[in-house]
Amino acid sequence: MEEFKLTTRDEMEAETDKLLEIGRKVGADSWQQRVKNQTPHCRFGEEGICCRICQMGPCRITPKSPRGICGCDAAGIVGRNYLRFTAGGAATHSDHGRSICHTLYLAKEDGNYKVKDPEKLKRIAKEWDIETEGRDIYDVAHEVAETGLMEYGKPFGTQRFLKRAPKHTQEIWEKEEIAPRVIDREVSCSMHMTHMGCSSDPEALARQSLRAGLSDGWGGSMMGTEFSDVLFGTPMPVDTEANLGVMQEDMVNIIVHGHDPSLSEMIVEYAENPEMIALAKSYGAKGINVAGVCCTSNEVAMRHGIPMAGNFLSQENVVLTGACEAIVVDVQCIFPALGPLSKCFHTKFITTSEIARMPDSDFIHFDAENAGENAKKIVKMAIENFQNRKKDLVYIPKLKQKATVGYSYEAIVKTLDTVTNSHVDETGTTKPLNECVKSGIIRGAVAMVGCNNPKVRHDYAHVELMKKLIQNDIVLVVSGCAAQAAAKAGLMSKEAKNLCGDGLKRVCELCDMPPVLHMGSCVDISRMMVLVANLAKDSGWNIDELPVVGCAPEWMSEKAISIGNYVVATGLTTFLGVYPQTKGSEVFDGLLQGGIKDWVGACFHVVEDIDKLGDAMIEEIERKREHLHI
Ligand code: MSK
């Protein structure tokens with residue numbers, strides 16, 4: 001048996017260089033080149049002190065001009081920009097969630113989409129006081145979906161899922177007036193507050209940022225996750241592979257990229273259809289290989305073991321292999337660069353959503369009604385494109401690692417609970433995990449999430465931090481592109497237990513699990529919220545007392561800031577490796593990195609030095625343990 005070894009950043013970069021070399025031969029552009037073209041960035045933009053909110057400006061804050069034309073100071077400008085950034089993220093995640101609600105509403109016994117986890121559906125229905133006894137499961141699904149849709153626009157009240165949080169957390173949200181009302185209201189209220197002539201008070205802007213974030217994490221994202229589980233199945237541990245080596249030279253390679261599993265689920269289904277496989281063979285391929293990029297990849301890896309080709313900054317690499325017949329995208333985190341890049345190769349760049357229209361793509365409108373028919377059409381397009389491959393441009397790096405993924409909240413509870421109990425009911429308990437933490441076998445946990453950002457060496461921060469944390473007996477729950485960074489490096493292999501401290505290694509052995517647990521896509525950070533909520537309830541500690549922190553070392557998107565806001569507002573101190581655009585106001589920055597702790601028991605810390613970032617998280621976890629006397 002080959003000895004287990006992590007794939008290093010140097011190895012991955014050497015392969016990327018080879019791909020870029022091929023790309024240059026055919027005139028391909030790359031993000032690496034565009035970063036050079038865009039550097040240095042505008043300082044006013046970087047510090048958040050450029051105001052473009054009205055047409056009197058743009059105004060920029062300098063020592064000589066400390067106020068914009070309307071009189072707004074740096075704190076107001078930075079705060080407004082930050083709130084708009086948050087609202088963009090909350091809107092994006094939540095609209096994804098809304099689209100899943102619609103898919104659930106259209107689910108039917110003989111339709112494109114069915115209910116795959118009726119038990120979960122019934123649990124949610126019960127939570128929302130929706131009758132299930134004696135009813136057809138699809139009637140229940142439709143009522144749950146419609147009730148979910150009302151969470152976006154009901155005139156009164158707050159988000160239903162807030163009740164999942166411990167009492168203490170709910171009381172904080174009420175007292176601090178940040179309990180989120182309906183999702184669309186929090187987004188539009190954020191836009192209203194930041195319109196010219198409205199809020200410029202930094203505290204009010206920070207408070208609304210937390211509230212808008214909460215409407216995402218405990219509203220839109222949570223529905224996105226829960227209803228995806230109902231429709232496509234709640235993930236359970238499954239083996240897969242990760243990195244560019246999952247692409248196959250003799251197969252039709254279809255890459256799914258984006259976020260909404262409604263599309264990728266259908267592509268996976270049709271790629272396994274015997275009629276499609278026979279068609280692929282008739283074109284000289286051995287079969288059809290579906291692999292993923294970004295969070296769509298997380299979705300299908302968690303539910304079907306579909307291999308993960310890469311994360312956010314790998315998206316161009318899959319095309320550069322010259323072996324990608326089609327890159328099929330839905331929404332979010334898709335580089336418009338994929339259009340012109342695909343034209344340098346034979347790749348079909350297929351956009352499918354009205355939300356993400358891009359030049360140089362083939363647009364095939366995809367919705368719940370035409371899903372089956374159009375998924376078949378897309379798979380067929382990819383197969384027919386196999387013959388157009390330019391053989392001399394094909395280079396698939398041999399990089400590949402084994403990974404075990406699919407650790408939903410339910411899967412984590414089951415995995416840990418079965419070590420101590422022979423029978424686990426459908427909801428289980430986090431008590432065994434609490435026991436491990438109390439005894440110190442596991443010192444604590446880090447929820448590591450988020451993107452890649454060229455400001456940080458690709459995946460370096462994720463992987464180095466994960467290595468350091470597991471050595472210190474800190475378990476990781478990860479999602480989004482952080483998850484794929486771990487999988488590509490090999491940290492989701494069960495053999496990675498050998499890189500852990502003695503305590504965590506023992507837990508991994510007993511539970512037969514890797515030390516870095518894949519919890520899903522970026523909307524699935526709501527799974528982490530459910531986990532900490534139940535850890536708090538089962539332990540009797542408050543969430544802000546748990547030896548658990550959040551971390552986004554390579555974040556870049558508006559969604560990531562929305563996530564940061566709800567993670568902090570839930571009580572988890574969160575460490576960022578990339579500075580948000582808030583440096584321009586000590587007052588607003590000071591609120592985020594300190595002041596808001598008085599409201600919610602947690603705040604952000606920005607530490608750009610990765611080694612120091614790891615130390616800071618370990619210190620915070622140990623400080624919390626000391627506070628709990630454990
Ligand atoms: S895909 S939001 S780059 S995690 Fe969810 Fe990755 Fe960040 Fe997009």
Side-chain angles (χ1 to χ4, degrees), residues 1-23 28 30 238-257 264 268 271 280 285-294 296-298 300-302 304-328 338 341 345-347 382 386 389-405 452 458-460 462-463 466 481-496 514 516 518:
M1 207 171 71
E2 242 182 78
E3 204 194 323
F4 171 72
K5 179 183 147 315
L6 291 183
T7 305
T8 66
R9 250 345 286 164
D10 286 347
E11 286 167 328
M12 292 192 219
E13 280 165 357
E15 292 296 350
T16 297
D17 286 346
K18 287 184 199 162
L19 292 171
L20 291 173
E21 187 54 44
I22 298 171
S30 65
V238 57
D239 291 336
T240 185
E241 291 177 326
N243 219 332
L244 279 177
V246 304
M247 295 184 69
Q248 300 197 32
E249 198 156 347
D250 46 11
M251 308 268 268
V252 172
N253 289 300
I254 303 177
I255 299 292
V256 286
H257 174 15
S264 46
V268 169
K286 282 209 174 132
I288 306 167
N289 177 41
V290 180
V293 168
C294 276
T296 280
S297 175
N298 291 322
V300 285
M302 297 255 290
H304 304 281
I306 294 293
M308 301 187 274
N311 53 3
F312 180 62
L313 283 183
S314 319
Q315 60 184 289
E316 293 181 358
N317 282 6
V318 295
V319 178
L320 287 165
T321 61
C324 173
E325 273 57 56
I327 181 159
V328 189
L338 290 177
L341 178 63
F345 292 85
H346 74 303
T347 306
F386 184 71
R389 236 191 229 184
K390 295 166 189 145
K391 292 220 165 55
D392 53 327
L393 292 182
V394 174
Y395 176 73
I396 301 176
K398 297 270 175 294
L399 306 170
K400 189 159 67 173
Q401 286 279 6
K402 283 192 279 184
T404 303
V405 300
N452 299 130
H458 182 193
D459 289 344
Y460 181 79
H462 287 135
V463 172
M466 287 178 199
C481 291
Q484 290 158 336
K488 286 190 293 170
L491 286 163
M492 282 180 180
S493 158
K494 288 179 182 166
E495 287 157 273
V516 178
H518 190 305

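Side chains of L491 and L6 form a contact here, defined as non-hydrogen atoms less than 4.5 Å apart. Considering only heavy atoms from C-beta on, N253 comes within 4.5 Å of Q248 through its side chain. Under the 4.5 Å side-chain criterion, counting only non-hydrogen atoms from C-beta, M308 is in contact with N298. Taking 4.5 Å as the limit, some side-chain heavy atom of I255 sits within range of a side-chain heavy atom of M247. In this structure, S314 and Q484 have side chains that are not in contact, with every pair of non-hydrogen atoms separated by 4.5 Å or more. Here the side chains of S493 and P514 are not in contact, with every heavy-atom distance at 4.5 Å or above. Within the 4.5 Å cutoff, the side chain of H257 has heavy atoms near those of the L338 side chain. With contacts defined as side-chain heavy-atom distances shorter than 4.5 Å, the pair F4/K494 does not qualify.
To the nearest 0.5 Å, atoms CG (L399) and OG1 (T8) are separated by 8.5 Å. Here E325 contributes atom CD and T347 contributes atom OG1; the two are 7.0 Å apart, rounded to the nearest 0.5 Å. Annotation: the span from L320 atom CG to L341 atom CG amounts to 5.0 Å, rounded to 0.5 Å. Once rounded to the nearest 0.5 Å, the distance linking CG of N289 with CD1 of I306 reads 8.0 Å.
A salt bridge links R9 with D459; the closest basic N to acidic carboxylate O contact falls under 4.0 Å.
At least one donor-acceptor pair under 3.5 Å links the side chain of N452 to the backbone N or O of L313. Listed for the Q315 side chain is a donor-acceptor partner under 3.5 Å among the backbone atoms of F312.
Contact record, V463 with A489: CG2-CB, 3.8 Å, taken as the closest heavy-atom pair. The two residues H346 and C324 have their closest heavy-atom pair at CE1-O, 3.3 Å. Summarising the geometry of Q401 relative to A487, their closest heavy-atom pair is CB-O, 3.5 Å, with the distance given to 0.1 Å.
Under the salt bridge (Lys or Arg N to Asp or Glu O under 4.0 Å) rule, K400 has a single partner from E15, E11, E241, which is E241.
Applying the salt bridge (charged side-chain N to carboxylate O under 4.0 Å, His left out) definition to pairs two or more places apart or across chains, those involving residues 308-318 are R34-E316.
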